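Atoms within a ligand are numbered from 1 in the order they appear, just like the ligands themselves. This structure is a prediction, so every number in the text was calculated from the model and none was measured.
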Amino acid sequence: MCIFCKIVKKEIPNNTVAENDDFLAFHDLYPKAPIHILIIPKVHVDCFQDASPEIMAGLSTFAQEVATKVGVDQTGYRFLTNNGEDGGQEVEHLHFHMLGGGKIA
Ligand code: 5GP
Ligand code: ZN
């Protein structure tokens, strides 16, 4: 089982920001910005390339809610995913990074 599936199952502790039946948002263990949140589907999907339109639709709405909850919806944020080896993806469970809380370099 992958590390993010273990986080979903609460086998590994995480600092949860928000969750619903299908998605989880939690603080990155090694933040690269004042606010660095990872947003994942609870179901295992390897990467963006494999993500269905349904997952992406739900994830988008959830991410917008997370941005509002942590107060970056007006100030702005960077929202990105690394896809596959050349994209620099280290954890093989679809995740989007939400970076904010200051100008992102
Ligand atoms: P990637 O390079 O795959 O796009 O990003 C993986 C991210 O997961 C990295 O920013 C890394 O800091 C974060 N990360 C790796 N392991 C853990 C963990 O066990 N808990 C949390 N909260 N973040 C993790
Ligand atoms: Zn997984």
Side-chain angles (χ1 to χ4, degrees):
M1 191 190 302
C2 90
I3 190 166
F4 285 178
C5 280
K6 287 182 181 168
I7 284 176
V8 168
K9 289 186 182 300
K10 302 190 194 311
E11 289 175 13
I12 296 176
N14 77 92
N15 202 344
T16 298
V17 175
E19 74 178 310
N20 65 20
D21 287 347
D22 300 320
F23 301 99
L24 176 67
F26 55 99
H27 291 285
D28 196 292
L29 201 55
Y30 306 103
K32 290 150 197 88
I35 292 172
H36 186 171
I37 295 166
L38 299 174
I39 296 173
I40 68 171
K42 289 186 173 179
V43 64
H44 182 92
V45 176
D46 275 354
C47 62
F48 175 71
Q49 191 64 28
D50 292 343
S52 68
E54 292 74 24
I55 292 245
M56 289 311 302
L59 191 147
S60 295
T61 299
F62 180 70
Q64 290 159 355
E65 291 166 1
V66 169
T68 302
K69 184 168 185 180
V70 300
V72 298
D73 55 317
Q74 299 300 316
T75 50
Y77 55 90
R78 187 165 295 163
F79 192 60
L80 65 92
T81 189
N82 297 318
N83 189 93
E85 193 176 343
D86 284 358
Q89 183 177 1
E90 288 177 1
V91 178
E92 269 196 26
H93 181 128
L94 175 64
H95 55 282
F96 278 76
H97 299 256
M98 180 174 283
L99 299 149
K103 272 258 189 269
I104 306 302

Which atoms of ligand 1 are found less than 4.0 Å from any heavy atom of F26?
21 (C), 22 (N)
Check each heavy atom of H27 against ligand 1 and say whether those closer than 4.0 Å belong to the side chain, the backbone, both or neither.
backbone
Is the closest heavy atom of L38 to ligand 1 under 4.0 Å?
yes
Is there a path of hydrophobic side-chain contacts, each under 4.5 Å between heavy atoms, that joins I40 and F62?
no
T81 heavy atom under 4.0 Å from ligand 1:
no
Treat each ILVMFWY residue as a node, draw an edge where side-chain heavy atoms are under 4.5 Å apart, and state whether F96 and Y77 are in one component.
yes
From the options K42, H44, M1, select the one residue that forms a side chain to side chain contact (heavy atoms under 4.5 Å, CB included) with V8.
K42
Test side chain to side chain contact (heavy atoms under 4.5 Å, CB included) on L38 and H97; report intermediate values, then the result.
CA-CA 5 Å; L38 299 174; H97 299 256; 3.4 Å; yes
Between P41 and L94 the two heavy atoms that sit nearest each other are CD-O, 3.3 Å
Would you say F48 has more than 12 foreign heavy atoms packed within less than 6.0 Å of its CZ?
no
Which of the N/O/S atoms in H44 sits closest to the Zn ion (ligand 2)?
ND1
Any nitrogen or oxygen of L29, side chain or backbone, less than 3.5 Å from one on ligand 1?
yes
Would a single hydrophobic cluster contain both L99 and F79, if residues Ile, Leu, Val, Met, Phe, Trp and Tyr are joined by side-chain heavy-atom contacts under 4.5 Å?
no
Does ligand 1 have an atom that lies less than 4.0 angstrom from a heavy atom of H97?
yes
Counting heavy atoms only, which part of I3 comes closer than 4.0 Å to ligand 1: side chain, backbone, both or neither?
side chain
Distance in Å, I3 CD1 paired with N14 CG, rounded so as to fall on 0.5 Å steps:
11.0 Å
Considering N14, I40, L99, I7, which one's heavy-atom position lies nearest to atom 20 (N) of ligand 1?
I7
Could you tell me which atoms of ligand 1, counted from 1 in the order shown, lie closer than 4.0 angstrom to a heavy atom of F4?
8 (O)
Aromatic plane relationship, F4 with H95 - under 30° parallel, 30 to 60° tilted, over 60° perpendicular
perpendicular
Identify which of L94, D28, I37 has a heavy atom lying nearest to atom 7 (C) of ligand 1.
D28
Report the nearest protein non-hydrogen atom to atom 5 (O) of ligand 1: residue, atom name, distance rounded to 0.1 Å.
H95 NE2, 3.0 Å
Among the N, O or S atoms of H93, which one sits nearest to the Zn ion (ligand 2)?
ND1
For atom 15 (C) of ligand 1, tell me which residue out of V91, N83, N82 has the closest non-hydrogen atom.
V91
With respect to G88, determine whether any N or O atom, backbone or side chain, lies less than 3.5 Å from an N or O atom of ligand 1.
yes
Backbone or side-chain N or O of H36 under 3.5 Å from ligand 1 N or O:
no
Which heavy atom in H27 sits nearest to a heavy atom in I37, and how many Å separate them?
ND1-CG1, 4.1 Å
Around E85, counting heavy atoms of other residues, nucleotides and ligands shown, do more than 12 lie under 6.0 Å from its CD?
no
closest protein heavy atom to atom 3 (O) of ligand 1 is E90 N, 2.7 Å
